[in-house]
Q: 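Just passing along the structure, written as structure tokens.
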Amino acid sequence: MITLKEALKLPKEELPHLKQDLKKRIEEKKELNAYISLDESGDGVPILIKDNIQVKNWSVTSASKILQGYISPYDATVITKLRENGLAPFGRANMDEFAMGSSTETSYYGKTLNPHDYERVPGGSSGGSASAVGGGVAIASLGSDTGGSIRQPASFCGVVGMKPTYGRVSRYGLSAYGSSLDQIGPITQNVEDSAILYDIISGYDPKDSTSADIEYSPITPNLNPNQKYRIAVIDNYVKDASTEIQQAYEKTIRTLEKLGHTIIHKEMTDAKYDISAYYITAMAEASSNLARYDGIRYGSRVEGENLKDTYFRTRSEGFGDEVKRRILVGNFVLSSGYYDAYYVKAQKVRYLIQQKYSEIFQDADLILSPVSPTLPFKFGEKKEPLDMYLSDIYTISVNLAGLPAISLPVDWVGNLPVGLQLIGKPFDELNLFNGALSLEQGLK
Amino acid sequence: MEFEVVIGLEVHVQLNTKTKLFCSCPTSFNEKENSNTCPTCLALPGALPVINREAIHKAIQFGTAVNASINRYSKFDRKNYFYPDLPSGYQISQFYKPIVENGYIEVNGRKIGIVRAHLEADAGKNIHESNYSKVDLNRAGTPLLEIVSAPDLRSSDEAIEYLKKLHSIVRYIDISDANMQEGSFRCDANVSIRPKGDTKLYTRVEIKNINSFRFIQRAIDYEVERQIEAWEDGVYEDEVIQETRLYDSVKNETRSMRGKEESADYRYFPEPDLLEVYIDDETLETYSKIPELPDEKAERFQTELGLSEYDAKVISSSIELANFFEEMINSGASVKNSVTWLTVELLGRLNKNNLPITSSPISSSKLSDLVKAIDNKTISGKAGKDILDYLMEHDISVDEAIEKLGLKQVNDDSAILKLIDEVLSKNSDKVEEYKQGKTKLFGFFVGQVMKASRGSANPQKVNELLRSKLS
């Protein structure tokens with residue numbers, strides 16, 4: 001597949017051919033089910049859009065039954081930015097319902113396959129966005145990352161997935177899951193494409209109060225793979241990963257050293273605290289964020305005997321099990337009597353995690369970490385919700401701390417890719433991309 | 001047993017900002033249903049709130065006016081509940097850290113505490129038809145300032161005085177239209193009783209849905225009576241529970257709104273879509289400068305203009321009345337006559353017609369013209385009342401009205417003497433009687449002259465000239 005960098009150089013009249021070719025490829029690999037639809041909107045280099053990012057006049061459903069029939073009347077800020085830079089939304093990507101999941105199995109539209117092994121999940125929640133790029137049926141895509149939802153599927157599908165610093169990319173027009181954790185980010189074939197797409201969607205947006213009003217200088221023209229860094233590895237983290245992941249990790253450390261980077265060893269607080277703090281925070285926010293899906297104004301409504309019954313039926317039939325589970329837990333941790341013990345405590349833990357990261361960054365420029373504790377797992381393998389939640393242990397603390405991170409493929413085990421992530425300091429995306437580019441080139 | 005009444009009031013004041021609290025939709029809502037809406041106030045997927053600075057500024061002004069502290073950092077929280085007029089399923093409010101805290105206002109010499117005032121977004125409106133309901137979200141997201149008093153009020157009279165004072169203040173600093181009928185000034189009352197001398201607070205009952213001063217007073221009186229009766233009948237514990245009751249103005253009673261078991265859990269938590277509100281020095285300084293408040297104005301009217309305490313209080317009770325008065329003085333009408341003609345004559349007529357001063361058919365400049373005509377004796381006071389009556393019905397100038405009604409006062413000696421001569425010659429017999437000592441007839445002559453002038457002769461002049469003529 002043509003890279004984003006090359007596609008952006010194409011003369012305008014070539015783009016219709018590019019789209020024709022793309023459609024043919026998508027048709028040939030229909031079984032991937034990465035695309036929910038082939039909606040098009042405007043001219044420009046086609047970019048696949050996760051189904052929770054608003055595109056004007058598109059159906060945008062967060063892969064949920066409850067939003068069937070909803071057409072967005074406006075563009076998300078990232079979509080406006082794509083259009084302004086010669087790109088165009090093309091196709092809606094499958095995902096876990098409301099971005100709640102790590103396998104894209106909770107989608108109302110059915111599962112998406114891993115392009116490298118159809119028996120296995122593509123990861124999630126941006127599974128469609130990653131599978132399409134990994135399967136050669138998208139040039140690049142946008143995903144969203146609340147607890148690893150870009151980086152983990154990128155790792156499972158052998159592509160590059162990047163989560164910007166919280167506040168770097170406007171959330172205006174992203175259907176909210178966990179508002180204090182969500183970020184939109186690029187999924188691409190390589191690090192340079194990632195930087196290009198990141199540059200386009202970044203920047204302060206007055207429509208998003210949590211977007212950072214700070215100076216922004218583009219990454220792509222300043223990329224430098226020869227910069228040498230102090231890279232921290234978290235020794236006590238890696239022990240929970242599978243042997244294949246640990247081996248890839250060791251191999252990568254050696255590559256980084258060979259490239260001239262300095263490896264330093266650090267410890268983090270036990271990742272089990274990350275899981276608790278993350279799921280309490282995300283579910284609390286989600287329980288409130290999803291309250292608007294009540295069948296009154298838009299989406300699907302199931303009429304009941306009275307108002308309460310209409311709410312009850314609409315939401316019972318409209319939401320899938322995982323979404324309901326998270327709404328229930330979210331309501332529980334916010335209820336009076338439990339609020340302090342759960343929500344408030346989780347915020348304290350979150351603060352400690354942020355502190356721990358800044359301590360490490362006093363000494364290091366970047367951190368190297370696994371993305372997933374295992375290789376892509378098989379469909380239906382993780383039946384217990386908690387097992388699924390545990391597959392996020394390496395990604396969620398990055399969201400809790402609001403840090404930028406990039407997942408890139410470092411190794412293959414048979415036909416399955418292994419991705420690792422580099423984590424950067426807040427708003428220090430340039431050094432993050434430099435480190436990732438250095439590693440990508442070193443692996444060739 | 002003697003009881004003490006304990007009342008705390010929660011007042012929702014709709015701020016008169018140009019746009020809504022979290023989006024740029026206009027705040028006017030008497031338009032076509034759902035026309036003033038956008039993705040944010042419709043709570044469409046992905047839309048986000050952005051704080052309206054003007055609302056922050058108005059909250060600072062209010063805090064300053066009620067001697068409160070302004071929190072340099074305040075926060076917004078989500079109050080979660082389901083209702084069709086609340087599109088997002090949560091109200092954005094300030095629960096944990098309000099913008100204004102610890103203030104007070106003086107009501108008849110007593111300090112009434114204002115515990116807090118916080119910003120929040122209003123809901124839309126549900127319109128119920130026979131077998132379905134409609135939702136209008138034009139009002140959704142309009143900024144409200146919720147002002148919570150301490151339980152310092154001791155009677156329904158005092159509660160009303162407090163409300164009137166608060167109403168006057170928000171109008172003076174122009175942060176709200178504060179129109180009770182239109183719902184831009186709404187009040188909930190928390191009412192409890194306790195044996196006189198007891199200091200602890202007993203069970204409070206919240207009364208909602210009261211939209212006029214009169215009804216608030218009645219609702220409180222009813223509720224106090226209900227609680228005292230329950231106490232005296234020995235069923236206080238059973239009948240008086242912490243609950244919300246609705247006031248029914250038709251039956252004049254309060255009714256339980258929902259049972260205890262359904263008491264709502266709002267699951268408050270910090271609004272993650274908004275950052276903390278920080279008020280910098282410059283903003284604080286700019287918006288702490290507020291116009292003269294009612295008490296200050298009343299004081300000034302007494303010291304500078306020599307008004308009585310009563311008149312000063314009446315005139316300064318509303319900004320519109322005070323402005324009306326000051327406009328009259330500034331255009332040269334005398335203070336004494338302005339007070340009388342505004343508070344007695346004009347307000348009397350407006351009250352009879354149930355009109356507020358803002359809808360007065362007579363402007364301040366017109367009333368000022370009338371008062372000046374009385375000041376300089378162009379017309380008599382009696383004629384002034386006739387002219388005022390006429391002007392209530394007819395939109396013409398004071399001069400035109402004087403002309404039309406022929407009420408120009410005659411001050412010209414020769415004209416009056418001419419009338420006197422006529423009257424005296426017509427009544428020569430009575431003149432004889434007068435001269436022989438029947439001095440009571442003087443009043444008769446005055447009356448005849450005034451009648452001959454059709455009331456327009458200056459009565460003082462008539463008296464003077466008649467006396468010299470008859471001596």
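Keep in mind it's a predicted model, so treat the numbers as computed, not measured. Values reported hereafter were calculated over all heavy atoms of this structure, with side chains retained and with hydrogens, waters and symmetry mates removed.
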Q: Does any part of the side chain of A:K207, heavy atoms only, come nearer than 4.5 Å to the side chain of B:L48, both counted from C-beta?
A: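 No, every pair of side-chain atoms sits at 4.5 Å or beyond.
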
Q: Between B:R267 and A:Y338, is there a side-chain heavy-atom distance shorter than 4.5 Å?
A: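 A side-chain contact under 4.5 Å is absent here.
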
Q: Measuring from atom OG of A:S209 to atom CZ of B:F22, what distance do you get when rounded to the nearest 0.5 angstrom?
A: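 Separation between the atoms: 9.0 Å.
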
Q: Can a donor-acceptor pair be found, under 3.5 Å and without considering hydrogens, that links the side chain of A:R292 to the backbone of B:L44?
A: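 Yes.
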
Q: Within the 4.5 Å heavy-atom criterion, are A:R297 and B:V135 side-chain neighbours or not?
A: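 No, too far: nothing below the 4.5 Å cut-off.
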
Q: Need one label for B:P39: side chain, backbone, both or neither, based on atoms under 4.5 Å from any heavy atom in chain A.
A: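 B:P39 touches chain A through side-chain heavy atoms alone.
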
Q: Looking at A:S336, is its backbone amide N or carbonyl O close enough to the side chain of B:D265 to form a donor-acceptor pair, meaning the two atoms are under 3.5 Å apart?
A: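 Yes, B:D265 side chain to A:S336 backbone: donor-acceptor pair under 3.5 Å.
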
Q: Measuring heavy-atom distances to chain A, does B:F269 have an atom under 4.5 Å in its side chain, in its backbone, in both, or in neither?
A: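 B:F269 touches chain A through backbone and side-chain heavy atoms alike.
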
Q: Quick check: do A:F98 and B:P45 have side-chain heavy atoms less than 4.5 Å from each other?
A: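 No, too far: nothing below the 4.5 Å cut-off.
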
Q: Which residues pass the side chain to side chain contact (heavy atoms under 4.5 Å, CB included) test with B:E129, sequence neighbours left out?
A: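 Testing B:E129 for side chain to side chain contact (heavy atoms under 4.5 Å, CB included), a comparison that skips the adjacent residues, returns B:I127, B:Y132, B:K134.
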
Q: Using only non-hydrogen atoms and a strict under-4.5 angstrom cutoff, which residues of residues 175-182 of chain A touch chain B?
A: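 Result: A:S175, A:S179, A:S180.
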
Q: Against chain A, label B:Y81 side chain, backbone, both or neither, depending on which of its atoms sit under 4.5 Å from a heavy atom there.
A: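 Neither; nothing under 4.5 Å.
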
Q: Considering non-hydrogen atoms only, spot the tightest contact between A:Y298 and B:A43 and give its length.
A: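 So the two residues come closest at OH-O, 2.6 Å.
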
Q: Between B:N80 and chain A, with a heavy-atom cut-off of 4.5 Å, which part of the residue counts as in contact: side chain, backbone, both or neither?
A: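 The side chain, not the backbone.
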
Q: Can you tell me how far the CD1 atom of A:I296 sits from the OG atom of B:S133, to the nearest 0.5 Å?
A: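 Reported to 0.5 Å precision, the distance equals 9.0 Å.
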
Q: Can you tell me how far CZ of B:R78 sits from OG of A:S288, rounded to the nearest 0.5 angstrom?
A: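 Rounded to the nearest 0.5 Å, the OG-CZ separation comes out at 4.0 Å.
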
Q: Using heavy-atom distances under 4.5 Å, tell me whether A:L307 contacts chain B through its side chain, its backbone, both, or neither.
A: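 Only the side chain of A:L307 comes within 4.5 Å of chain B.
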
Q: When rounded to the nearest 0.5 angstrom, what distance separates OH in B:Y83 from OH in A:Y311?
A: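 It comes to 8.0 Å.
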
Q: Looking only at heavy atoms and a cut-off of under 4.5 Å, which of B:G89, B:A47, B:C38 has the most pairs with chain A?
A: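 Winner by heavy-atom pair count: B:A47.
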
Q: Sort A:N331 into side chain, backbone, both or neither according to what part of it lies under 4.5 angstrom from a heavy atom of chain B.
A: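 The answer is both parts of A:N331.
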
